[in-house]
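Residue numbers start at 1 and run along the sequence shown. Order of listing sets the numbers, starting from 1, for every ligand and every atom in it. The analysis underlying the following values was restricted to heavy atoms, covering all of them including side chains, and did not include hydrogens, waters or symmetry mates. The structure presented is a predicted model; accordingly, all values stated were derived computationally and were not measured.
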Amino acid sequence: MAASASASLRHHLLHRRPRFPLSPNPTFRASSFPRRHCRLFASAVDNGDAPSPVEPSDGASVVDVNPPRGTRDFPPEEMRLRTWLFDQFREVSRVMAFEEVDFPVLESEALFIRKAGEEITQQLYNFEDKGGRRVVLRPEITPSLARLVIKQGKSVSLPLKWFTIGQCWRYERMTRGRRREHYQWNMDIFGMPKVRAESELLQAIVLLFERLGITFSDVGIRVSSRKVLQAVLNMYSIPEHLFTEVCVIVDKLGKLTREEIEKELISTGLPAKAVQGIIEVLSLKSLPKLEEVLGSDVEAVADLKKLFSFAEQYGYADWICFDASVVRGLAYYTGIVFEAFDRKGQLRAICGGGRYDKLLSTFGSEDIPACGFGFGDAVIVELLKEKGLLPDLSRQIDDIVFPLDEELEGPASAVASSLRKKGRSADLVEDKRLKWVFKHAERINASRLILVGKSEWERGMVRVKILSTREEFEVKASELQ
Ligand code: HAM
């Protein structure tokens, strides 16, 4: 502190001691058990071992401090990152004129039971609740959206544009960017049958990437339509009921070998010629080539051509490419499907979505054309880290209010309270040495230190220190802004 420090401040520096000891109270088990136990748990979990309670030296058992495998805690710095990312999701949704909605994480199991053999239905966190009802921690949000649209019935005016950000649970094998819980930003449009809906959703995704500083040389969006596969199946007169099953199998193309896929397709009853036809079409990466193979009067071709021409108008054509191998692994898609990927090919899909015009009828309701995407919080953060695009999200507080004497704790409350009412963030600190307060101010990037000292307070004043310039002055407490 400069030579201008007040008398009460000097007194404080010389005589004040913290009222509470700094070392943890050894009898307070919940938050103060020794750190070495935390480390033991961490290494057990990192190795994939089932964590077991550690016996501390006094014989009492201690709870595992790690969250369940594949799930995350959000300590303050992680929480700041999450909030920042969600703010970006919300801002894009706002400029796209979407309304926010929300749903319970716990849903009834029936909403997620589908018979097409999708991976997602084998990864359910499902159980019976205490009332004997079958429930799940939702693995995705689309069925909940459909449920709410059905519930609202005729009262909603179409088209309806909704977005939501929520936690999803999948019992996954964990890889980079894939975990057992993740947050998903979803944007969905109900009641827009034309590819205008898809083109709007693609713009939202591109706007998000651009806000984050990601360019089309980092990321691309592969686009196709399930109607491509439908057209091939029609060419070989394959019965309608095999369509979904074929889509789910074909989606495994990157994960299984071509031979394994062929075997699975044959086992559904498809003739070898149709299997070859499917595999050949799926390798197409050019729209004119697709048109050559399927003909121009096929719906898939018309939809895709329209979408790519819209993309030029919106100004995001550089971000998207046609790739017939994109089919997506969820059963309900019926038309255009898309997935964003990193061009280096190191990460899992960044986001994915498509048209699902027939989902509502699987819940016994009248169909409404629908289309949307899900965008996870994990892969995008990996990419931002890799590109050095994560913003500086250190903590920032406006003011620290610090009474220099115990008897000034009351006045300090009044000062902090008045600052907060004016909208400033104020951290009220007590029972610390001034040295600690300065360090703390640095840690939390405080702008000002408001010292409440005896001699100043008697004159209705407080001492203000601007921490960036070290400037220091007295101000009337009632006029503190
Ligand atoms: P999905 O492709 O299963 O689609 O998931 C969408 C996105 O969620 C993925 O691209 C990824 O970003 C993220 N994601 C999925 N699983 C995980 C995981 N285990 N760990 C981390 N992130 C994950 C759907 O869920 C569709 N319901 C999307 C949709 C909305 N389609 C239409 N509307």
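- Nearest non-hydrogen protein atom to atom 21 (C) of ligand 1 is Gly177 O, 3.2 Å.
- Residues meeting the side chain to side chain contact (heavy atoms under 4.5 Å, CB included) test with Leu106, sequence neighbours left out: Phe127, Val135, Leu137.
- Nearest to atom 18 (C) of ligand 1 by heavy-atom distance, out of Arg178, Glu119, Arg348, is Arg178.
- The nearest protein atom to atom 8 (O) of ligand 1, hydrogens excluded, is given as Gln184 NE2, 3.2 Å; this is a heavy-atom distance.
- For atom 14 (N) of ligand 1, the closest non-hydrogen atom of the protein is His182 NE2, 3.3 Å.
- For ligand 1, the polar-atom distance check against Asn186 finds no nitrogen or oxygen pair separated by under 3.5 Å.
- Short contacts between ligand 1 and Ile350, defined as distances under 4.0 Å to a heavy atom of the residue, involve ligand atoms 10 (O), 12 (O).
- By the 4.0 Å N-to-carboxylate-O rule, Glu299 lies too far from Arg355 to be salt-bridged with it.
- Under the 4.0 Å criterion applied to side-chain N and carboxylate O atoms, Arg328 and Asp251 are not assigned as salt-bridge partners.
- Ligand 1 has no N or O atom lying under 3.5 Å from any N or O atom of Leu330, backbone or side chain.
- Distance CZ/Phe243 to NZ/Lys227: 9.5 Å, rounded to 0.5 Å.
- Listed by atom number, the atoms of ligand 1 under 4.0 Å from Glu172 heavy atoms are 16 (N), 18 (C), 19 (N).
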List the atom pairs, donor and acceptor, that lie under 3.5 Å between side-chain atoms in residues 154-165 and the rest of the protein, sequence neighbours left out.
unit_1 : atom_1 : unit_2 : atom_2 : d
Ser155 : OG     : Gln152 : O      : 2.6
Thr164 : OG1    : Val101 : O      : 2.8

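- Between Phe375 and ligand 1, a contact under 3.5 Å exists for no N or O pair.
- Protein heavy atom in closest approach to atom 7 (C) of ligand 1: Gly374 O, 3.4 Å.
- Given atom 31 (N) of ligand 1, the protein heavy atom at minimum distance is Tyr333 OH, 2.6 Å.
- Taking only non-hydrogen atoms, the option from Arg355, Arg179, Glu339, Met174 nearest to atom 19 (N) of ligand 1 is Arg179.
- Looking at Glu140, Arg328, Met187 and measuring to atom 4 (O) of ligand 1, the nearest heavy atom belongs to Arg328.
- Taking CD from Glu119 and CZ from Arg173, the interatomic distance works out to 9.5 Å, rounded to the nearest 0.5 Å.
- In summary, Glu128 and Arg133 do not engage in a salt bridge, as defined by a charged side-chain N under 4.0 Å from a carboxylate O.
- The protein heavy-atom contact nearest to atom 33 (N) of ligand 1 is Asp188 OD2, 2.8 Å.
- Atom 25 (O) of ligand 1 has its closest protein heavy atom at Arg170 NH2, 3.0 Å.
- The closest approach between any non-hydrogen atom of Tyr332 and ligand 1 is below 4.0 Å.
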